[in-house]
Amino acid sequence: AVWREETGSPEEHLLLLWTGASALYTCGSGNPCRDTDTYVITASKQPVCVCVCVCFEGLPTYPDVSRMWEIVDKYHVTKFYTAPTAIRLLMKYGREPVQKYKRDSLKVLGTVGEPINPEAWQWYYSVVGEKRCPIVDTFWQTETGGHVLTPLPAATPMKPGSATFPFFGVVPAVLNESGEELEGASEGYLVFKQPWPGVMRTVYGNQQRFETTYFKKFPGYYVTGDGCRRDKDGYYWITGRIDDMLNVSGHLLSTAEVESALAEHEAVAEAAVVGRPHPVKGESLYCFVTLTDGVTYSRTLEAELKKQVREKIGAIATPDFIQNAPGLPKTRSGKIMRRVLRKIACDERDLGDISTLADSSVVEHLFQNRCCVGV
């Protein structure tokens, strides 16, 4: 490579990223603009990081559910990076589609895009990685420009479902609603206390929006918009978007936590939880569950699922509605469109733009089979 010195303002634009990139085209992690620019294009062009990157565009189940592992074997992929939603989708079909391919080139597995529930983590580690590949459960955003919470492969002791510790130079904190820093084991807002090299500098053409969105709620901190839990060992666990929290009878519940409790049942391949207005409680829990192959939905199973959530979280989190959902509304990259699920739960047909759905027919099926009466 030939390097040439350039001069200019340190505030010149280097990279513009559109956070709605998943609506354009797809890749393994669901956000191709961010991940492709950062990992595939930038990383592979660096003289100190010579590598070949395979960016998959398509459905992980087409032409069959072994598509990902076929690609791994064909190109001798060593690091595999995808979203928890895709992992849960593939879990539904069991081990056989994975184990028909060798995957012996794999060295590191990664997840990105949303919190991964412990059950999906264990399946990914045991079935895909055969318990020999460390999992790098990364937390970051388009705005952060790279990982801000992540284990270091083969160096950080792993906990299924935890993004573990901050990356170099990143200083996280957990705040309560009043903006006070919480110490030790705690749960609240995830923020960062100082800048790092990859942090975004502005919202293009709208600096005021940038300041309002990320710094106004808690002045002096970068506000991620995500909730988190820090355990007694200092590990960070992302609980989901703060705006995905449900207020049930004055109690704030994380949809991710309820989904994880449902997914722990052996009959459930995937779960999605949204809020539905309730005249007394404020919000009620409306749950969609996709069952593993060969399992039939029944009232007995429904009662088991409600009992499991009560035991894992508490009576306040007992689902009011559980709907059998053979399919969920997802983009081609596997992201669940939760705003569509909220519309279905409330029986509202004004869905807005759903052109990015991989299969729009699932929406009508869910409408036709929605729950009308809860507990």
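Scope of the values below: all heavy atoms of this structure, side chains included, with no hydrogens, waters or symmetry mates. Please read all numbers here as calculations on a predicted model, not as lab measurements.
Cluster annotation: Val268 and Met91 are assigned to distinct hydrophobic clusters (Ile/Leu/Val/Met/Phe/Trp/Tyr, side-chain heavy-atom contacts under 4.5 Å, transitive). By the criterion of side-chain heavy atoms lying less than 4.5 angstrom apart, applied directly or through intervening Ile, Leu, Val, Met, Phe, Trp or Tyr residues, Leu246 is grouped together with Leu305 in one hydrophobic cluster. Val191 and Val148 end up in different hydrophobic clusters when Ile, Leu, Val, Met, Phe, Trp and Tyr side chains are linked at under 4.5 Å. In the hydrophobic clustering of ILVMFWY residues, with side-chain heavy atoms under 4.5 Å counting as a link, Tyr125 and Leu109 come out together. Leu291 is not connected to Ile87 by any chain of hydrophobic side-chain contacts under 4.5 Å among Ile, Leu, Val, Met, Phe, Trp and Tyr, and they are in different clusters.
No more than 12 heavy-atom neighbours from other residues, nucleotides or ligands sit within 6.0 angstrom of CD on Glu266. With a 6.0 Å radius and a threshold of 12 heavy atoms from other residues, nucleotides or ligands, Arg209 has its CZ atom at or below the threshold. In Tyr75, the OH atom is not crowded: 12 or fewer heavy atoms of neighbouring residues, nucleotides or ligands sit closer than 6.0 Å.
Between Thr61 and Tyr93 there is a side-chain heavy-atom pair separated by less than 4.5 Å. Side-chain atoms of Ile316 and Ser249, non-hydrogen and from C-beta on, do get closer than 4.5 Å to each other. Counting heavy atoms from C-beta outward, Asp137 and Thr164 have side chains that stay 4.5 Å or more apart. With a 4.5 Å cut-off on side-chain heavy atoms, Leu149 and Phe167 do not count as touching. Annotation: side chain of Leu366 is in contact with side chain of Pro329 (closest heavy-atom distance under 4.5 Å).
Checking Gln308 against Glu304 by side-chain atom types alone, no donor-acceptor pair falls below 3.5 Å. Residues Gln141 and Tyr222 have side chains that bring a donor and an acceptor to within less than 3.5 angstrom of each other. Side-chain contact check for Thr138 and Tyr81: at least one donor-acceptor pair (N or O, by modelled atom type) lies under 3.5 Å.
Counting only residues at least two apart or in different chains, salt bridge (charged side-chain N to carboxylate O under 4.0 Å, His left out) contacts with residues 92-103 comprise Arg103-Glu130.
With respect to Arg229 and Glu257, no salt bridge is recorded, no charged nitrogen being found less than 4.0 Å from a carboxylate O. Under 4.0 Å is where a charged nitrogen must lie from a carboxylate oxygen, and between Glu114 and Arg88 at least one such pair does. Taking a cutoff of 4.0 Å between a charged side-chain nitrogen and a carboxylate oxygen, Asp359 and Lys330 do not qualify as a salt bridge. For Lys193 and Glu181, the salt-bridge test passes: some basic side-chain N is under 4.0 Å from an acidic carboxylate O. A salt bridge links Glu302 and Arg299; the closest N-O separation between the charged side-chain nitrogens and carboxylate oxygens is under 4.0 Å.
Distance alone, capped at 3.5 Å, places no donor-acceptor pair between the Asn324 side chain and the Tyr297 backbone. Under a 3.5 Å cut-off, the side chain of Glu259 and the backbone N or O of Val273 do form a donor-acceptor pair. Between the side chain of Thr318 and the backbone N or O of Ala315 there is at least one donor-acceptor pair closer than 3.5 Å. The main-chain N or O of Thr356 is never found under 3.5 Å from a side-chain atom of Thr331 such that the two would form a donor-acceptor pair.
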Pair Trp237-Phe139, ring pair (Phe, Tyr, Trp, His ring centres under 6.0 Å): steps then yes or no: CA-CA 10 Å; Trp237 305 71; Phe139 171 78; over 10 Å; no

Audit row: Asp73, Tyr101, side-chain contact (heavy atoms from CB on, under 4.5 Å) steps and yes/no: CA-CA 7 Å; Asp73 277 10; Tyr101 290 92; 3.3 Å; yes

Full working for ring pair (Phe, Tyr, Trp, His ring centres under 6.0 Å) between Tyr221 and Phe215: CA-CA 6 Å; Tyr221 298 93; Phe215 302 98; over 10 Å; no

side-chain contact (heavy atoms from CB on, under 4.5 Å) evaluation trace for Val128 with Leu106: CA-CA 9 Å; Val128 177; Leu106 287 175; 4.2 Å; yes

Audit row: Lys217, Glu177, salt bridge (charged side-chain N to carboxylate O under 4.0 Å, His left out) steps and yes/no: CA-CA 10 Å; Lys217 184 173 180 65; Glu177 188 65 46; 3.2 Å; yes

Steps toward side-chain contact (heavy atoms from CB on, under 4.5 Å) verdict (Tyr236, Asp231): CA-CA 7 Å; Tyr236 288 83; Asp231 68 19; over 6 Å; no

Gln323 and Arg370: CA distance, side-chain angles, deciding distance, side-chain contact (heavy atoms from CB on, under 4.5 Å) verdict: CA-CA 6 Å; Gln323 179 175 343; Arg370 59 184 296 276; 3.6 Å; yes

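Taking all atoms of both residues into account, the shortest heavy-atom contact from Val295 to Ala267 is CG1-CB, 3.8 Å.
Note: Phe192 and Trp196 have perpendicular aromatic rings, judged against thresholds of 30 and 60 degrees for the angle between ring planes. Ring orientation note: the planes of Tyr286 and Phe321 are close to parallel, at an angle under 30° on the 30°/60° scale.
Between Tyr235 and Phe165, the distance separating the two ring centers is shorter than 6.0 angstrom.
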